[in-house]
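Just follow the structure's listing: the first ligand is 1, and inside any ligand the first atom is 1. All values reported here derive from a predicted model rather than from experimental measurement. Residues: numbered from 1 along the sequence shown.
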Amino acid sequence: MDKLSIIVPCYNEQESIPLFYSAVQKVMKTIPDLSYEYWFVNDGSHDNTLNELHGLHQKDPEHVHFVSFSRNFGKEAALYAGLQAATGNYIVVMDVDLQDPPEFLPKMYKLIKTGEYDCIGTRRVDRKGEAKFKSFLSDMFYKVVNRISNTEIVPGARDYRMMTRQMVDAVLAMPEYNRFSKGIFSWVGFKTKYLDYHNVERVAGESDWNTWKLFKYAMDGIADFSQAPLNIAVWIGTTSFIISIIGFFAVIIRHFLDPDSSIFGWASLVCIILLLGGLQLLCIGILGKYLGRIYIQVKNRPIYIIKEKK
Ligand code: UDP
Ligand code: MG
């Protein structure tokens, strides 16, 4: 019999957990011949999340399991921990706030069982209820990242996806510290089918993702899956070198045509010095960003630390 592992990262989700559990239970009972397990991951919540999970585990020890972190390690680390704990031959990743509709599970299972696909993903086709500015930034992100990276990042794709054991093993074999799941799921390849759906607002609690945090996440995603920013230094350097050669000849020619003219131009000189100094700092900054990532990776620290597992 097939077994489905449901991976659910939770950070301060005391209100959502019972709602999530009953909604998913209702759906799971409609799928015949499929055993299942939940792996909730408590990502260092400060509220009653852990107690909720203890309660659920006591109520339904056969299905409900959880991993609890020693502190907040972030959703990416929580996903990784969940995937490592999963024992099923199919694995689905879901948010606990019911923004990932559980009604899709039977359809996903039916599709993946045919063996034609390795992964059934989901894709939001609109962003109803979300700030305009945030949607704009996210559209920009997908455009930029898909231009400069060889790894395709599908616009609007959620982490909500059902995968085969084979694909999950491939994801687990990537123990990188900076984890950008949208990129990793795409990088490992395999055949993915996307189901479209309309945005659903979160059932309880608040999203922890403000625009600034999302922006930083996007920048990390670009640095993780593209080396294009590193080329900026090469292009800026080449361009300013060519311009300076042209300028050099222009100054010499002007000197012979009009010897007095060389006393002008100190203001533009200051601007040019500032411009080049600024560009140099920018390029060093980009280098530093990649260097920092190498530094974090070579330290080889664990992606998460477990305090309790049931
Ligand atoms: N989450 C987590 N660790 C964090 C932040 C979020 O495990 O540091 C979980 C959260 O509990 C939820 C999922 O990740 O199940 C998605 O978070 P959220 O709803 O805040 O993000 P959004 O849906 O706005 O992208
Ligand atoms: Mg959410």
Write out the residue and atom name of the closest protein heavy atom to [atom], then the distance separating them to 0.1 Å.
atom	value
atom 18 (P) of ligand 1	Arg202 NH2, 3.4 Å
atom 14 (O) of ligand 1	Lys75 CD, 3.2 Å
atom 16 (C) of ligand 1	Asp95 OD2, 3.2 Å
atom 6 (C) of ligand 1	Tyr11 CB, 4.0 Å
atom 25 (O) of ligand 1	Trp209 CD1, 4.1 Å
atom 24 (O) of ligand 1	Ser207 OG, 2.8 Å

How far apart are the closest heavy atoms of Tyr142 and Ile153, and which atoms are they?
CE2-CG2, 3.7 Å
Any Lys/Arg nitrogen of [X] or [Y] sitting under 4.0 Å from an Asp/Glu carboxylate oxygen of the other?
X	Y	answer
Asp159	Lys75	yes
Lys289	Asp220	yes
Asp100	Arg158	yes

Can you label the angle between the [X] ring and the [Y] ring as parallel, tilted or perpendicular, going by 30° and 60°?
X	Y	value
Trp212	Phe215	parallel
Tyr38	Tyr36	perpendicular
Phe225	Phe180	tilted

Just which atoms of ligand 1 are under 4.0 Å from any heavy atom in [X]?
X	answer
Pro9	7 (O), 9 (C), 10 (C), 11 (O), 12 (C), 15 (O)
Asp97	19 (O), 23 (O)
Cys10	7 (O), 11 (O)
Gln99	19 (O), 22 (P), 23 (O)
Glu13	10 (C), 11 (O), 12 (C), 15 (O)
Gly74	3 (N), 8 (O)

Within reach of ligand 1, part of Asn72 (heavy-atom separation under 4.0 Å):
side chain
Under 4.0 Å, heavy-atom basis, I'd like to know which part of Asp43 is in contact with ligand 1: side chain, backbone, both or neither.
side chain
Using 2.8 Å as the threshold, say whether any N, O or S atom from Asp95 sits that close to the Mg ion (ligand 2).
no
Without swapping roles, check the side chain of [X] against the backbone of [Y] for a donor-acceptor pair under 3.5 Å.
X	Y	result
Asn89	Lys3	yes
Ser186	Glu152	yes
Tyr304	Glu76	no

Quick check: of its N, O or S atoms, which one does Asp97 have closest to the Mg ion (ligand 2)?
OD2
